[in-house]
Amino acid sequence: MNNKSEQKNAHPKTPQKYPERQYYFPAQIVETFIRKGKESIQTTYLAQLILSSLAGAFIAFGALGSVLLTMDIESAGIVNLMAGIGFMIGYAMVFLSGSILFTEVNILLPSYIMQSKFWISKKLLSFWLICYTGNFVGALFVGFLLNLSGSLHDEFYDYLLTFVEKKMEFTHRGTWGWFQVLFSGILANWLIGAAAVLATAARDVVGKILGIALPVIIFEAGNFQHAVANMGYFSISVIEGFDISWYKFILLNLVPASIGNLIGGGILVSLLLSYAYKEELDEGVLKEEEEAIEEMENKKEAPNGKPAGEPAGHQ
């Protein structure tokens with residue numbers, strides 16, 4: 001009896017060890033959005049333009065991939081799958097490179113704005129504008145290079161035309177078609193927002209790519225209107241000389257798609273998650289953001305060239 005007792009004491013039961021968690025909780029995802037939003041707007045204007053141009057180029061490559069991977073496939077289901085995979089490649093390049101994509105900004109900034117007592121500032125609006133412009137410039141640059149390279153054959157452009165016509169079919173439905181593009185844009189960035197959530201939740205590259213792939217395949221298969229993806233398709237086709245007017249593309253497609261993307265990503269993903277998990281957010285993160293915002297405001301110079309609040313005669 002004593003021997004058994006001694007053996008039991010000599011070998012105490014070790015606690016069960018669970019494997020390390022391979023994903024972030026939702027509140028941690030929102031905290032990451034807040035940090036990324038702050039980091040994005042604090043970069044220089046030139047860096048913002050470069051990173052947003054890269055994002056537009058990567059999405060144009062995704063649009064290119066969606067066409068190349070679906071050529072000569074007859075099954076509609078496989079076409080949708082391969083088109084989604086092609087576009088997912090572009091989005092993965094954006095996310096893993098740290099490039100700035102308009103539809104991703106629509107998810108990051110609202111989380112940051114909710115923690116800011118200044119709400120919408122000129123700095124935020126200028127960041128959105130630079131990002132949107134850079135995305136378009138990057139997409140057009142890829143289209144220009146593809147045209148100069150002569151790498152793609154007529155068969156590719158014939159098939160590309162079916163993609164563009166599918167995106168532009170709503171323009172023939174009048175006013176209701178405009179609103180249909182808007183609603184489709186909401187769905188598109190709701191799914192892209194889900195991709196951003198899943199990719200942020202994952203803690204390794206494979207998990208991030210898989211997280212991106214799942215919603216993006218649905219988005220592409222559903223022909224939902226993603227503003228920057230449409231820039232990619234349009235940029236490749238318009239430089240090749242397709243008969244598509246800038247007026248129809250910008251006013252009847254790009255504008256309503258962009259508004260829908262802003263609603264889908266900003267409200268249905270970012271703001272809802274931020275509100276739902278606001279009680280679980282790390283107080284340290286929120287305090288850090290408040291201090292950073294106050295520091296930015298204090299650095300603003302007064303008309304006399306001194307920092308705001310500093311007496312003019314101070315040496």
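Model, not experiment: these values are computed from the prediction.
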* To do: Answer yes if the side chains of Ser258 and Tyr132 hold a donor-acceptor pair under 3.5 Å, and no otherwise.
  =>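 Yes.
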Using modelled atom types and a 3.5 Å cut-off, is there a donor and acceptor pairing between side-chain atoms of [X] and backbone atoms of [Y]?
X: Thr43; Y: Ser40; answer: yes
X: Asn135; Y: Phe102; answer: yes
X: Ser66; Y: Ala63; answer: yes
X: Ser97; Y: Val94; answer: yes
X: Gln28; Y: Phe25; answer: yes
X: Gln225; Y: Leu182; answer: no

* To do: Would you indicate whether Phe61, at its atom CZ, is surrounded by more than 12 heavy atoms from other residues, nucleotides or ligands within a distance under 6.0 Å?
  =>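 12 or below, so no.
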* Asked: If you count the non-hydrogen atoms of other residues, nucleotides and ligands that lie under 6.0 Å from CZ in Phe141, is the total more than 12?
  ->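 No, because the 6.0 Å sphere around CZ of Phe141 holds 12 heavy atoms or fewer from other groups.
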* **Evaluation steps, side-chain contact (heavy atoms from CB on, under 4.5 Å), between Phe127 and Val105** => CA-CA 9 Å; Phe127 173 69; Val105 167; 3.6 Å; yes
Where do [X] and [Y] come nearest, in terms of heavy atoms and distance?
X: Ser235; Y: Ala139; value: CB-O, 3.3 Å
X: Ala221; Y: Asn80; value: CB-CB, 3.5 Å
X: Val30; Y: Ser274; value: CG1-OG, 3.7 Å
X: Leu273; Y: Val197; value: CD1-CG2, 3.8 Å
X: Ser270; Y: Ile107; value: OG-O, 2.8 Å
X: Thr70; Y: Ala83; value: CG2-N, 3.4 Å

Mind checking the [atom1]-[atom2] spacing from [X] to [Y]? Nearest 0.5 Å is all I need.
X: Leu191; Y: Leu268; atom1: CG; atom2: CG; result: 10.5 Å
X: Gln48; Y: Ser126; atom1: CD; atom2: OG; result: 6.5 Å
X: Met168; Y: Ser245; atom1: CE; atom2: OG; result: 6.5 Å
X: Lys166; Y: Asn223; atom1: NZ; atom2: CG; result: 5.0 Å
X: Ile192; Y: Asn261; atom1: CD1; atom2: CG; result: 8.5 Å
X: Asn106; Y: Leu262; atom1: CG; atom2: CG; result: 4.5 Å

Would you call [X] and [Y] a side-chain contact if the rule is heavy atoms closer than 4.5 Å?
X: Leu146; Y: Leu64; answer: yes
X: Phe58; Y: Leu101; answer: no
X: Pro215; Y: Leu198; answer: yes
X: Trp178; Y: Leu251; answer: no
X: Phe170; Y: Asn253; answer: no
X: Leu68; Y: Leu152; answer: yes
X: Glu39; Y: Gln42; answer: no
X: Met231; Y: Ile59; answer: no

Hey, any chance [X] and [Y] share a hydrophobic cluster, counting ILVMFWY side chains that come within less than 4.5 Å of each other, even indirectly?
X: Ile85; Y: Met71; value: yes
X: Val137; Y: Met93; value: no
X: Ile89; Y: Val206; value: no
X: Met82; Y: Ile217; value: yes
X: Leu281; Y: Leu272; value: yes

* Asked: Checking side-chain contact (heavy atoms from CB on, under 4.5 Å) for the pair Leu160/Tyr157: CA distance, chi angles, key distance, verdict?
  -> CA-CA 5 Å; Leu160 171 63; Tyr157 290 104; 4.1 Å; yes
* Can you check whether Phe163 and Tyr159 have ring centres sitting under 6.0 Å from each other? ->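 Yes, they do, as the ring centres are separated by less than 6.0 Å.
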* Mind running side-chain contact (heavy atoms from CB on, under 4.5 Å) on Leu129 and Leu125 for me, showing each step along the way? => CA-CA 6 Å; Leu129 180 61; Leu125 292 176; over 6 Å; no
* Can you say whether the rings of Phe234 and Phe249 are parallel (under 30°), tilted (30 to 60°) or perpendicular (over 60°)? ->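 Geometry flag for Phe249 against Phe234: parallel rings.
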* Test side-chain contact (heavy atoms from CB on, under 4.5 Å) applied to Met88 and Ile209, step by step -> CA-CA 8 Å; Met88 178 270 295; Ile209 292 176; 4.0 Å; yes
* Quick one: ring-ring contact (aromatic ring centres under 6.0 Å, His included) pairs with a partner in residues 187-231, sequence neighbours left out? ->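 Every ring-ring contact (aromatic ring centres under 6.0 Å, His included) pair that includes a residue of residues 187-231, provided the two are not neighbours, is Phe87-Phe219, Phe87-His226, Phe219-His226.
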